[in-house]
Every structure is written in structure tokens, then in C-alpha cells.
Amino acid sequence: MGIEADDLREKLERNGELMIAVSEFEEPLELHLHDTEIEDETVRIQLTDGVLTFETDAVVGAWHHTHSLKDLGLGD
């Protein structure tokens, strides 16, 4: 069973962005508040070259994604 849609919406609204693990994909996906719609049964991401839609039941993990100076090659 996946993560509840209400929980995903709340985390995305609180953080503005969210990383999720989806059982259908090898790599995690990054959700942004401005391009993601989370319905009761589906997640829809508007990409530059199309739309990605998958079931909320397929979301098996979610975490807040942050960036550091080191990630950008600017820190030690």
C-alpha cells in the first residue's frame, strides 16, 4: 500500500518540493508545488516535454529534499 494522498499533499505544501520513491521507477522523482497535482488516487506531474501520471498506491516513500552549498560545488 502506498502513502496516503493527503499525507503527500501536506508534505508537498509544507516544503514546496518533495522527493518520492515510486515502485514503477528506479530513480526517485522530485515533486514541486507548482507542477504537481495530487488527487485521491493519482499523482500528475507536468514536465517540460509531457505529463507523468501514476497511482498514489505506487508511492512507497517520501522525504524532504534539500540542497547544500557542497551539492552545488560551492562548499567544502
Side-chain angles (χ1 to χ4, degrees):
M1 181 164 175
I3 296 175
E4 294 292 323
D6 289 339
D7 291 338
L8 284 175
R9 274 193 295 271
E10 187 272 325
K11 288 178 182 184
L12 181 59
E13 289 173 6
R14 181 178 58 223
N15 297 310
E17 63 180 43
L18 187 65
M19 295 297 291
I20 60 170
V22 180
S23 61
E24 302 170 31
F25 308 112
E26 287 185 32
E27 297 294 322
L29 300 175
E30 187 170 358
L31 306 181
H32 297 99
L33 192 56
H34 65 88
D35 62 11
T36 305
E37 295 176 27
I38 302 172
E39 302 295 331
D40 289 337
E41 296 182 14
T42 60
V43 177
R44 181 175 183 255
I45 305 170
Q46 182 68 47
L47 304 169
T48 57
D49 58 353
V51 176
L52 179 63
T53 303
F54 51 89
E55 300 292 320
T56 54
D57 284 348
V59 179
V60 295
W63 61 97
H64 180 215
H65 179 63
T66 60
H67 302 280
S68 69
L69 290 173
K70 186 176 180 181
D71 294 340
L72 302 173
L74 301 172
D76 295 331

In Å, rounded to the nearest 0.5 Å, how long is the span from [atom1] of [X] to [atom2] of [Y]?
| X | Y | atom1 | atom2 | answer |
| --- | --- | --- | --- | --- |
| E10 | E4 | CD | CD | 13.0 Å |
| L18 | E30 | CG | CD | 9.0 Å |
| L31 | K11 | CG | NZ | 11.5 Å |

Inset, instruction - Could you tell me which non-hydrogen atom of A62 sits nearest to which non-hydrogen atom of I3, and how far apart they are? - result: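 Result for this residue pair: N-CD1, 3.7 Å.
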Legend entry - Minimum heavy-atom distance L33-L12, with the two atoms named: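 Where L33 meets L12 most closely, the heavy atoms are N-CD1, 3.8 Å.
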Within a strict 4.5 Å, meaning less than it, do heavy atoms of the [X] and [Y] side chains meet?
| X | Y | answer |
| --- | --- | --- |
| L8 | T36 | no |
| T42 | E55 | yes |
| R44 | V51 | yes |

What residues form a side-chain hydrogen bond (donor to acceptor under 3.5 Å, both in side chains) with [X], not counting sequence neighbours?
| X | answer |
| --- | --- |
| D7 | none |
| Q46 | none |
| E39 | none |

Inset, instruction - Step by step, work out the side chain to side chain contact (heavy atoms under 4.5 Å, CB included) result for N15 and W63. - result: CA-CA 10 Å; N15 297 310; W63 61 97; over 6 Å; no
Inset, instruction - Apply the test side chain to side chain contact (heavy atoms under 4.5 Å, CB included) to residues T53 and V43: give CA-CA distance (whole Å), side-chain angles for both, the deciding distance (0.1 Å), then the verdict. - result: CA-CA 6 Å; T53 303; V43 177; over 6 Å; no
Legend entry - Connected via hydrophobic side-chain network under 4.5 Å: M19 and L47: no
Legend entry - Any residue meeting side chain to side chain contact (heavy atoms under 4.5 Å, CB included) with L72, in chain and number order, not counting sequence neighbours: L74
Legend entry - Test side chain to side chain contact (heavy atoms under 4.5 Å, CB included) applied to I20 and F54, step by step: CA-CA 12 Å; I20 60 170; F54 51 89; 3.6 Å; yes
Legend entry - Sequence-distant partners of E17, salt bridge (charged side-chain N to carboxylate O under 4.0 Å, His left out), two or more places apart: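 Salt bridge (charged side-chain N to carboxylate O under 4.0 Å, His left out) list for E17, sorted by chain: empty.
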Legend entry - Under the ring pair (Phe, Tyr, Trp, His ring centres under 6.0 Å) test, residues paired with H64 that sit two or more places apart: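 For H64 there are no ring pair (Phe, Tyr, Trp, His ring centres under 6.0 Å) partners, ignoring immediate neighbours.
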Legend entry - Donor-acceptor pair, side chain of R9 and main chain of I38, under 3.5 angstrom: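 Yes: the side chain of R9 pairs with the backbone of I38.
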Inset, instruction - Can you establish whether the number of heavy atoms outside E24 located under 6.0 Å from its atom CD is more than 12? - result: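 Yes, the 6.0 Å shell around CD holds more than 12 heavy atoms from other groups.
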